[in-house]
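Input: a single structure, listed below in structure tokens.
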Amino acid sequence: MIKRVYSATLKNKPFLIIPHPFNDELFSSWLTRAAYAHHFHPQTFINLYFGIKNRGLFKNNVDAHLSDQMIQNIEKMVHNKINIFNLTLRSFSGILRENDIIDSPSIFLCKLRFCPHCLKENIPYFKHQWKLAFTTVCVKHQCFLQDLCPSCKTPLNIFKMYNNILSFSYCSQCGFDLKKSPTKNIHSRFKTSMFAINILHQGLYQGYIQLGDSIVYLFCFMDVVTQLSKLILSKRNFAFLHTHPLFLLLNGAMKKTIKSNQPIHLQLNIIENFALFGLILYLFEDYPNNFEKFVRMNHLTHWDMTRDLRHISFWYETLVNSISPRYVAFGNMVTNEEIKHARHYLLSLGKLGNKANLTQLFGNINFFNKYQLN
Ligand SMILES: [Zn+2]
Ligand SMILES: [Zn+2]
């Protein structure tokens with residue numbers, strides 16, 4: 001591959017070869033294949049077509065950070081034949097998060113993962129789904145995804161090439177063929193838990209998930225997933241969940257100090273994430289019974305269930321309230337005005353407006369005792 005060539009002549013010029021994106025292909029994967037097709041090293045290709053000054057824009061999670069301006073530039077360079085925005089993770093904005101993914105890229109995004117069998121099939125490429133924290137297994141090949149080279153344990157960097165020769169299906173650090181990575185198969189007792197991934201993937205493409213009779217926007221549900229992750233792992237509320245087979249896979253995570261001020265999924269490995277997301281989705285099976293058992297058995301209050309949510313969706317507020325009602329300070333106090341009206345009501349019924357009758361009318365709660373009954 002051609003490397004270390006510096007020339008201003010190609011900057012912002014149309015690509016000579018425009019690879020067609022594969023199904024669910026990630027922007028960085030497509031761009032790297034475009035560079036290979038031009039016989040350039042990906043980093044050299046970026047320097048030549050976008051300018052050395054802009055090369056920094058292609059580092060640090062470019063799939064979540066690519067700016068609107070750069071997306072428009074690239075679309076022009078490919079004669080508007082390809083929707084570049086759809087290749088980036090920003091296409092999940094409004095679905096996975098209510099706001100643009102560019103504003104909160106660490107939420108539910110992870111290091112790039114891969115399935116050795118998928119890389120082996122046809123021409124290797126990397127998928128959108130492999131950047132999502134809850135995509136922990138390949139449903140097609142029934143194996144765990146991987147995010148490190150099995151030989152040297154280095155995370156993937158698909159813009160780099162081992163010895164400037166080997167493509168992104170080889171580790172850029174040691175040259176190991178990632179297609180030959182030993183597969184970590186999923187034990188049969190955990191296979192039913194793959195439904196969790198299917199539900200969330202389906203949610204990504206429809207924008208919502210269905211819980212009982214409720215249609216819930218995926219981003220509202222994912223906020224709740226974040227809250228439940230903290231309750232389970234950093235606050236250690238394990239009752240009801242501890243008998244589920246997936247709980248065994250969290251053994252390693254139990255020994256870690258889980259910080260609640262950092263995304264929980266970034267503190268776990270792939271198998272632990274598989275267990276955590278599976279357990280959280282299990283809480284929404286037999287809806288709303290499992291969720292209710294979890295709240296009651298861990299003695300969780302409305303405050304526990306909602307404290308870290310910036311916005312509480314109506315669906316979740318209703319669900320939690322039905323199990324553990326919100327406590328409103330002074331909410332059980334009766335005002336002078338209410339007592340006055342209640343006395344009129346009692347008198348209209350021919351009853352005495354005394355303390356005993358008022359207490360009965362207010363449902364045995366204490367009313368405002370400064371009110372002077374005469
Ligand atoms: Zn696969
Ligand atoms: Zn390696």
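As the structure lists them, so they are numbered: ligands from 1, and atoms in each ligand from 1. Computed from a prediction, not measured in an experiment: that's the story for all the values here. Just the heavy atoms: all of them, side chains too, but no hydrogens, waters or symmetry mates, feed the values below.
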Open item on the list: Distance alone, cut at 3.5 Å: any donor-acceptor contact between the side chains of T301 and D304?
Closed with: yes
Task: Salt-bridge present (D223, R310; N to O < 4.0 Å) - done: no
Task: Close side-chain approach of Y316 to V216, heavy-atom, < 4.5 Å - done: no
Task: Passing option when L26 is tested against D63, T88, L87 for side-chain contact (heavy atoms from CB on, under 4.5 Å) - done: D63
Open item on the list: Before moving on, can you tell me the angle at the Zn ion (ligand 2) between the SG atom of C152 and the SG atom of C149, to the nearest 10 degrees?
Closed with: 110°
Task: Salt-bridge present (K140, E121; N to O < 4.0 Å) - done: yes
TODO: Only one of T135, N23, D24 passes side-chain contact (heavy atoms from CB on, under 4.5 Å) with H128; say which it is.
DONE: D24
- [ ] Just the protein N/O/S atoms under 2.8 Å from the Zn ion (ligand 1), please, no waters.
- [x] C115 SG, C118 SG, C138 SG, H141 ND1
